[in-house]
Engineer: 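Take a look at the following structure, please.
First listed ligand is number 1; within each ligand, the first listed atom is number 1. Just so you know, these numbers come straight off a predicted model, no measurement behind them.
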Amino acid sequence: MFSFQLLSALASAALLAAAAPPPRASACSTTSAVMDLPANQTQLVNPGANPLYVGIGVGVQNYTCSASTLKYTSTGAVASLFDISCLDATPAFTNVQTAAFNAWNALPAGASPNSIGARVGAPSLLGYHYFIPSPSGTGISPKWDFTSTGANAGNANAFVVGTKVGDLTDATNTAVNVDWLALNNLEGSLASKVFRIDTVNGQPPSSCVAGSADISVKYTAKYFLY
Ligand SMILES: *[C@@H]1O[C@H](CO)[C@@H](O)[C@H](O)[C@H]1NC(C)=O
Ligand SMILES: *[C@@H]1O[C@H](CO)[C@@H](O)[C@H](O)[C@H]1NC(C)=O
């Protein structure tokens, strides 16, 4: 009896897993989408494979004022990711994060970033990036969720929750641009590694006054998913 129930549970788990296909890759080939990483550092290591997805993230980094340090601390982020795989062989690819930031920064606070992709030649929405309570039970974890948009709409497997394994300050302007990051897969089958590079803006002011309201700072970045 017990083993029959176990077997049928295993069989239905296998059926469920089989029912949800693996996530679909980018619209265009990513063979020429290579991360341009700084030399002489070990925080971000190029996986040496073609990325599954290359996206431009457009959104906000959120912060709260710590009463003890009078510094802003991160409370997560929310962004829309647009597919830039079809730009990767064009000159627009290199600086798409700047073009996207300029368009995004011109919109009033509270506006949706969802119109920005089309303005920079990347109209296709891959999905959303936001934070969830960490699976470890402590703190929050970043998630890239493609389950409701584009080629992966309706595919419950099309997400990845990441854990940070590398962190590099932005070489051009540490105080303004958020760090470049490497993350490994904690959950989900969208990708095994996520990189955030070519960041524009997103850093908070260097200090805050006790009792300051929470803030959202606009940013853009390229995301490479492997
Ligand atoms: C990397 O390190 C090597 C050896 O120290 C040095 O010769 C080279 O100039 C460095 N490259 C950069 C881009 O800093
Ligand atoms: C970040 O702030 C925006 C408003 O600017 C809000 O919509 C979003 O839910 C916040 N996300 C997190 C993780 O705090």
Engineer: Is there a protein heavy atom at a distance of less than 4.0 Å from atom 11 (N) of ligand 2?
Structural biologist: yes
Engineer: Are Lys218 and Val200 packed together at the side-chain level, in the sense that at least one heavy-atom pair is separated by less than 4.5 angstrom?
Structural biologist: no
Engineer: Would you mind running through ligand 2 and noting each atom that sits below 4.0 Å from a heavy atom of Thr75?
Structural biologist: 13 (C), 14 (O)
Engineer: Find the distance between OG (Ser189) and CG (Asn155) and round it off to the nearest 0.5 Å.
Structural biologist: 7.0 Å
Engineer: Please check if the distance between the ring centroids of Tyr53 and Phe146 is under 6.0 Å.
Structural biologist: yes
Engineer: What protein heavy atom lies closest to atom 7 (O) of ligand 2? Include the residue and the distance to one decimal.
Structural biologist: Val78 CG1, 4.6 Å
Engineer: For atom 5 (O) of ligand 2, find the nearest protein heavy atom and state the residue, atom name and distance (0.1 Å precision).
Structural biologist: Ser216 OG, 2.7 Å
Engineer: Please name the residue in the list Trp144, Tyr226, Phe224 that meets the ring pair (Phe, Tyr, Trp, His ring centres under 6.0 Å) test with Phe195.
Structural biologist: Tyr226
Engineer: Nearest protein heavy-atom contact for atom 2 (O) of ligand 2: which residue, which atom, what distance?
Structural biologist: Asn62 ND2, 2.5 Å
Engineer: State whether a side-chain donor-acceptor pair under 3.5 Å links Thr75 with Asn62.
Structural biologist: no
